[in-house]
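Starting off with a structure, shown below.
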Amino acid sequence: MSCPSLTQRISQLKKERNAVIVAHNYQAGEVQDVADFLGDSLAMSKYAVNSQAQVIVVCGVHFMAESTSLLNPDKTVLVPDLSAGCSLAESINAEQLKQWKTEHPGAAVVSYINTTAEVKAQSDICCTSSNAVRVVESLPPDQEILFLPDMFLGNWVRAQTLRDIKLWNGSCHTHVRIRPEPILELKKLHPNAEFLMHPECGCSTALMHTADHILSTDGILKRARASESKEFIIGTENGILHRLEKENPQKKFYPATQGATCEFMKKNTLEKLLWSLEDMQYPVRVPETIAVKARAALERMMRLS
Ligand code: 13P
């Protein structure tokens with residue numbers, strides 16, 4: 001239960017600062033409950049672009065704030081905790097990408113949005129889990145593609161598109177904890193449950209054909225709302241359960257793995273959010289030399305959605 005004085009102070013400061021709070025679907029419930037907007041990576045970026053607010057507090061992980069800042073160069077973008085990183089974004093740096101490109105001259109680079117601005121700046125186009133197939137299909141059919149950094153998402157996109165995709169060997173440390181065995185057990189216990197899986201899941205290669213739907217976090221939320229099913233097995237970070245349960249009180253949601261909690265996503269708390277608005281901390285801004293190229297890769301993706 002959140003403390004009323006904290007939430008009241010946050011809402012008062014939001015007005016004073018002309019600020020909005022944009023939160024990812026994996027945030028702690030107390031943070032989700034004070035957000036002006038909740039969404040997946042793509043929806044967060046779109047919302048920020050269309051917002052009239054001058055200050056955008058991004059409750060998610062660092063690359064989400066960087067993307068928001070890249071797409072909103074005239075706005076102040078803040079994060080409540082600068083150490084909220086992302087294991088996927090850490091799994092490849094600009095030097096490694098440069099080297100990979102020299103091994104595949106002529107290949108197009110498709111970077112998942114879970115990358116640093118330096119890596120985006122070396123990429124042709126970005127994608128998120130909700131548009132990765134569309135992004136790859138927008139490239140010429142015989143184009144060799146370097147897909148990074150998530151091998152599970154990349155493998156799923158390759159299976160959907162049958163394109164010549166080379167995969168970087170990266171993964172999300174939380175999604176790799178989601179293994180096939182407990183899911184097969186849950187399916188036996190709840191035979192009528194729909195299985196909704198995020199493409200970053202470590203089980204995605206083995207269970208791709210058994211999932212009812214492979215979706216982004218917003219896709220999972222949308223499907224749960226629209227489906228006639230009363231029970232669901234959810235294969236993604238468990239922060240999403242807060243919103244799933246709140247929006248569908250009559251339905252049951254079983255996490256594929258109890259341990260699928262991202263400690264970086266949970267670094268943002270109500271207190272840190274309040275301090276962020278009080279002290280205008282911590283601003284995220286990408287140096288312009290990198291921003292120009294990184295923005296181009298992001299905007300190419302945004303034009304497709
Ligand atoms: P979505 O874009 O599906 O919300 O995924 C973001 C993410 O970081 C998953 O780990």
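None of the values given here were measured: they were computed from a predicted structure. As the structure lists them, so they are numbered: ligands from 1, and atoms in each ligand from 1.
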Side chains of residues 51-62: which donor-acceptor partners sit under 3.5 Å, not counting sequence neighbours?
from, atom 1, to, atom 2, distance (Å)
Ser51, OG, Ala53, N, 3.0
Gln54, NE2, Asp74, O, 2.7

### Task
Please name the residue in the list His24, Lys266, Arg177, His198 that meets the side chain to side chain donor-acceptor pair (under 3.5 Å) test with Glu237.
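Result: among His24, Lys266, Arg177, His198, Lys266 is the only option passing the side chain to side chain donor-acceptor pair (under 3.5 Å) with Glu237.
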### Query
Between His173 and Phe264, is the gap from one ring center to the other below 6.0 Å?
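Aromatic pair counts; centres sit under 6.0 Å.
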### Query
Can a donor-acceptor pair be found between the side chains of Ser41 and Thr128 at a distance below 3.5 Å?
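Note: Ser41 and Thr128 side chains miss the donor-acceptor criterion.
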### Within the 6.0 Å centroid threshold, strictly below: Phe152 and His175
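Here the rings of His175 and Phe152 have centres that are no less than 6.0 Å from each other.
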Note down each nitrogen or oxygen pair, ligand 1 side and protein side, whose separation is under 3.5 Å; give only atom names and the distance to 0.1 Å.
from, atom 1, to, atom 2, distance (Å)
ligand 1, 2 (O), Ser41, N, 3.1
ligand 1, 2 (O), Ser41, OG, 2.8
ligand 1, 3 (O), Ser129, OG, 2.7
ligand 1, 3 (O), His198, NE2, 2.8
ligand 1, 3 (O), Thr217, N, 2.9
ligand 1, 4 (O), His24, NE2, 2.6
ligand 1, 4 (O), Thr217, OG1, 2.5
ligand 1, 5 (O), His198, NE2, 3.3
ligand 1, 8 (O), Asn114, ND2, 3.0
ligand 1, 10 (O), Glu200, OE1, 2.9
ligand 1, 10 (O), Glu200, OE2, 3.0

### Query
Is a side-chain donor-acceptor pair under 3.5 Å present for His104 with Glu144?
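Note: Glu144 and His104 side chains meet the donor-acceptor criterion.
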